[in-house]
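First up is the structure itself, then whatever we jot down about it.
Proteins get letters first, then strands, A, B, ... in listed order; numbering begins at 1 in each.
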There are 2 protein chains.
Amino acid sequence: MAKIKAARNTTKNAVICKSAAVLFRKKGFRAASMRELAIALGVEAPSLYNHIGSKSELLRNICFNIANAFTNNIDTVEAASNTAAKKIEQLIRFHIQFMLKSFDEVYVSNHEWKHLEEPYFTEFLNQRKSYESKMVQIIKNGITNKEFRKIHPHVTVLTILSAVRGLEFWQKYKEQINVRALENNIVQHLLKGITK
Amino acid sequence: MAKIKAARNTTKNAVICKSAAVLFRKKGFRAASMRELAIALGVEAPSLYNHIGSKSELLRNICFNIANAFTNNIDTVEAASNTAAKKIEQLIRFHIQFMLKSFDEVYVSNHEWKHLEEPYFTEFLNQRKSYESKMVQIIKNGITNKEFRKIHPHVTVLTILSAVRGLEFWQKYKEQINVRALENNIVQHLLKGITK
DNA sequence: GAGCAAAACTAACGCTTATTAGTTAAACAT
DNA sequence: ATGTTTAACTAATAAGCGTTAGTTTTGCTC
């Protein structure tokens with residue numbers, strides 16, 4: 001009769017959430033079973049229900065924790081008085097750092113949100129749309145300021161947001177790589193391009 | 001007793017594959033059921049097995065059709081005598097055009113490959129790794145030529161490949177958008193950046 | 001119209017799934 | 001030590017899955 005181990009200041013719910021994020025990332029939400037999750041925690045599947053409500057609640061927690069973190073960040077970045085380029089740079093760096101710190105959760109939030117149930121599915125989509133809109137506004141300001149060329153703001157935002165997802169593929173090299181150099185490379189690429 | 005309708009010069013297998021791509025994109029491979037696929041085709045689930053081998057075979061066909069198309073393209077691009085920048089541009093444009101033309105299939109190939117069974121899983125990964133290597137080599141040549149700044153080739157490749165995936169989000173605006181302008185915007189962004 | 005192949009159907013199998021109910025063991029407070 | 005709460009367990013349920021077997025219908029060829 002093993003028990004779920006939670007460090008001080010951590011609920012067992014949080015321990016399960018973390019383990020679920022790892023599993024959902026590896027197998028995908030639908031392919032991951034509660035039995036597998038239980039094995040990862042050294043326990044029988046029904047025991048999990050003493051600490052969580054349901055499988056879909058786990059996904060919901062993971063997705064909205066991440067979404068809220070990004071929303072909070074962009075509100076902070078937006079409020080500060082910086083150039084548009086600096087703001088975009090700050091957003092890019094946050095994406096990279098957060099991805100490296102909370103890889104499993106960010107990955108799951110990016111890939112498995114489509115399995116959220118209503119009304120959470122719609123809410124999640126709205127939150128993302130709102131994030132994009134704020135970023136589009138920053139780009140528009142940058143064009144007005146003549147910081148940026150006359151680019152298509154929405155296309156540019158989606159290109160940047162997709163580009164930073166490339167970090168997913170770097171997780172395995174995490175240790176070998178100078179994170180700051182990686183970050184600088186991507187920021188420079190997305191702001192200044194790669195040609196001389 | 002409805003029948004699966006295949007146009008001349010199209011096998012019923014191909015019709016099922018196409019329908020599967022749409023379904024797998026919408027729901028994800030694991031969440032999509034053969035019964036749903038059958039409904040989409042106006043037929044009972046077991047009838048599908050007169051034309052296909054298995055569900056996983058459908059995924060396999062979709063993924064490798066796409067992977068092979070990209071592999072063939074990069075081999076053509078590589079062989080031509082062009083600047084590195086031109087080659088990268090050609091690759092980016094191919095990604096965009098192909099994504100717009102075969103949206104469902106490319107999406108499924110990008111998102112659902114992890115549900116391939118061995119040995120196809122490993123084969124798919126190797127094919128992708130090989131694609132990346134070829135692209136890395138083009139970037140390296142560009143740096144040697146002094147076409148590009150001293151960037152990290154592998155990071156750059158993954159950034160570009162992720163960036164072009166942003167097209168996924170544009171599918172719904174497909175009709176409203178000038179594809180050529182979209183393409184130019186992304187190419188310019190990834191080669192020359194967005195700052196003045 | 002008869003014969004035949006293609007392709008549909010119904011019924012069912014064996015398995016896995018998330019989850020609930022009911023019960024027992026452990027951990028803690030008194 | 002006793003009573004109580006927390007959290008584990010076992011057993012079971014209902015639903016859904018991919019797929020197979022066996023049968024019937026359809027549509028073409030002679």
**Request:** Report the residues that fulfil side chain to side chain contact (heavy atoms under 4.5 Å, CB included) with K134(B), sequence neighbours left out, ordered by chain and then residue number.
**Result:** T71(B), I74(B), D75(B), E78(B), S130(B)
**Asked** Which of these passes side-chain contact (heavy atoms from CB on, under 4.5 Å) with L190(B): T159(A), I194(A), T195(A)?
**Response** T159(A)
**Complete:** Overall bend of the helix from dG1(C)-dC30(D) to dT30(C)-dA1(D) (five pairs an end, 10° steps) is 10°
**Complete:** Y120(A) meets the ring pair (Phe, Tyr, Trp, His ring centres under 6.0 Å) criterion, sequence neighbours left out, with none
**Prompt:** Just wondering, are more than 12 heavy atoms of other shown residues or ligands nearer than 6.0 Å to NZ in K114(A)?
**Reply:** yes
**Asked** Parallel, tilted or perpendicular: which fits the ring planes of W113(A) and F121(A), with parallel below 30° and perpendicular above 60°?
**Response** tilted
**Item:** For atom CD1 of I16(B) and atom C1' of dA7(C), their distance in whole Å
**Value:** 11 Å
**Prompt:** So which of residues 45-57 of chain B are in contact with DNA chain D, with a heavy-atom cut-off of under 4.0 Å?
**Reply:** P46(B), Y49(B), S54(B), K55(B)
**Item:** Whole angstrom value for the distance that separates C1' of dA26(C) from NZ of K12(A)
**Value:** 11 Å
**Message:** Give the residues of residues 25-37 of chain B touching DNA chain D, defined as any heavy atom closer than 4.0 Å, sorted by residue number.
**Reply:** A32(B), S33(B), M34(B), R35(B)
**Item:** For N141(B), all residues meeting side chain to side chain contact (heavy atoms under 4.5 Å, CB included), sequence neighbours excluded
**Value:** Q137(B)
**Message:** In whole Å, I'd like the distance from the CG atom of L58(B) to the C1' atom of dG18(D).
**Reply:** 12 Å
**Item:** Residues forming a side chain to side chain contact (heavy atoms under 4.5 Å, CB included) with S81(A), sequence neighbours excluded
**Value:** none
**Request:** Could I get the full list of ring pair (Phe, Tyr, Trp, His ring centres under 6.0 Å) partners for F24(A), not counting sequence neighbours?
**Result:** F29(A)
**Prompt:** Could you give the NE2-to-P distance, from H115(A) to dA18(C), as a whole number of Å?
**Reply:** 13 Å
**Prompt:** Can Q90(A) and N73(A) be said to form a side chain to side chain donor-acceptor pair (under 3.5 Å), step by step?
**Reply:** CA-CA 9 Å; Q90(A) 286 175 337; N73(A) 180 252; over 6 Å; no
**Prompt:** Listed by chain and number, what are the side chain to side chain contact (heavy atoms under 4.5 Å, CB included) partners of H154(A), not counting sequence neighbours?
**Reply:** E132(A), V136(A), H152(A), L158(A), W170(B), Y173(B)
**Message:** I need the full list of side chain to side chain donor-acceptor pair (under 3.5 Å) pairs touching residues 28-53 of chain A, with sequence neighbours left out, sorted by first then second residue.
**Reply:** K27(A)-E36(A)
**Request:** Determine the interplanar angle of the F98(B) and F94(B) rings, folded into 0 to 90°, and report it as parallel if under 30°, tilted if 30 to 60°, perpendicular if over 60°.
**Result:** parallel
**Request:** Using the salt bridge (Lys or Arg N to Asp or Glu O under 4.0 Å) rule, collect all pairs that involve residues 85-113 of chain B, keeping only residues at least two apart or in two chains.
**Result:** K18(B)-D104(B), K18(B)-E105(B), R25(B)-D104(B), K86(B)-E89(B), E89(B)-R93(B), R93(B)-E183(B)
N/O to N/O distances under 3.5 Å, protein versus nucleotides 27-29 of chain D:
none

